[in-house]
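These notes concern the structure reproduced below.
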Amino acid sequence: MSDSIRPLIAGNWKMNGLAAGLGEAEAVAAALMAEPARARVALCPPATLISRMAERLEGGPVEVGAQDIAADASGAYTGDVSAAMIRDAGGRLVILGHSERRTLHGEDDALVSRKVEAALAEGLEPIVCVGETLAERKAGKAESTVRGQVEGSLPMALQGRAFVLAYEPIWAIGTGLTPSSAEIAAMHADIRAALVGRLGETGLRAPILYGGSVKPANAAEILALPEVSGALVGGASLKATDFLPIIRAV
Ligand code: PGA
């Protein structure tokens, strides 16, 4: 954990959650109101819940974000949601380049970079995800893959702007597997160097989150590692009873 960067614990609900589940977000907010967290806390529900979640959490300690946006500002893009729409709905952050978008929707670095620009144009704070496959790690290519993603996914427009980088090894997402502490620390150090190489001073200030099977049982160890400034949490962000101990582990 770095002293100068405020940690962020962000929850990614993925394609889970109906209105009935908003109580979980309210429970997280109520607990943090009673006892404030050291970290910033955000929840990224499906697009359909953003405005209702933002209304219910307004003024409280939990920020609301989206899981994706379109690269274009408006127009004939059936089914897509723009940065301005997310902002209008009450979202303030947006996850971009998640491996499920890259793999299942064919998003490449160039598209992610355009989406980051679209987010910045509307004042949304991007959480840009990178991470290697198991085959890439086994082939000794984890660092070079991630470095390439960092360079390709981050537009120069980020200079001077607030953004977040999330390292999520694809093989650790939703599997219960995690890299060793040494592997996480080594990758985060490498990412920091890549961020500074690309963006200079701005790259020094961006929090680097770890994501992939973060749970109450492993959060404290992961969050204590150097250059780990928080976590991007999938499955364990759906229930307040799982998410709160992770927030408290900072
Ligand atoms: P997980 O997902 O915590 O369920 O592994 C993390 C993510 O995909 O952001």
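What you see is a predicted model, and the numbers here were worked out from it, not measured in a lab. One-based numbering, in listed order, for ligands and for the atoms of each.
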Name each N or O atom in ligand 1 that is under 3.5 Å from a protein N or O, and give the partner atom and the distance.
unit_1, atom_1, unit_2, atom_2, d
ligand 1, 2 (O), Lys14, NZ, 3.3
ligand 1, 3 (O), Gly234, N, 2.8
ligand 1, 4 (O), Gly235, N, 2.9
ligand 1, 5 (O), Gly174, N, 2.7
ligand 1, 5 (O), Ser213, N, 2.8
ligand 1, 8 (O), Lys14, NZ, 2.7
ligand 1, 8 (O), His98, NE2, 2.7
ligand 1, 9 (O), His98, NE2, 3.4
ligand 1, 9 (O), Glu168, OE1, 3.3
ligand 1, 9 (O), Glu168, OE2, 2.6

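With hydrogens and angles ignored, the 3.5 Å screen pairs a side-chain donor or acceptor of Gln159 with a backbone N or O of Leu199.
Sorted by first and then second residue, the pairs that involve residues 195-223 and meet salt bridge (charged side-chain N to carboxylate O under 4.0 Å, His left out), not counting sequence neighbours, are Glu201-Arg205. For residues 149-176, there are no salt bridge (charged side-chain N to carboxylate O under 4.0 Å, His left out) pairs, not counting sequence neighbours.
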Taking only distance into account, with no hydrogens and no angle test, what donor-acceptor pairs under 3.5 Å do side-chain atoms of residues 240-250 form with protein atoms, sequence neighbours excluded?
unit_1, atom_1, unit_2, atom_2, d
Arg248, NH1, Glu35, O, 2.7
Arg248, NH2, Ala31, O, 3.2
Arg248, NH2, Glu35, O, 3.0

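Checking Glu227 against Tyr210 by side-chain atom types alone, no donor-acceptor pair falls below 3.5 Å.
Leu96 has its side chain out of reach of Arg101: every pair of non-hydrogen atoms, C-beta onward, lies at least 4.5 Å apart.
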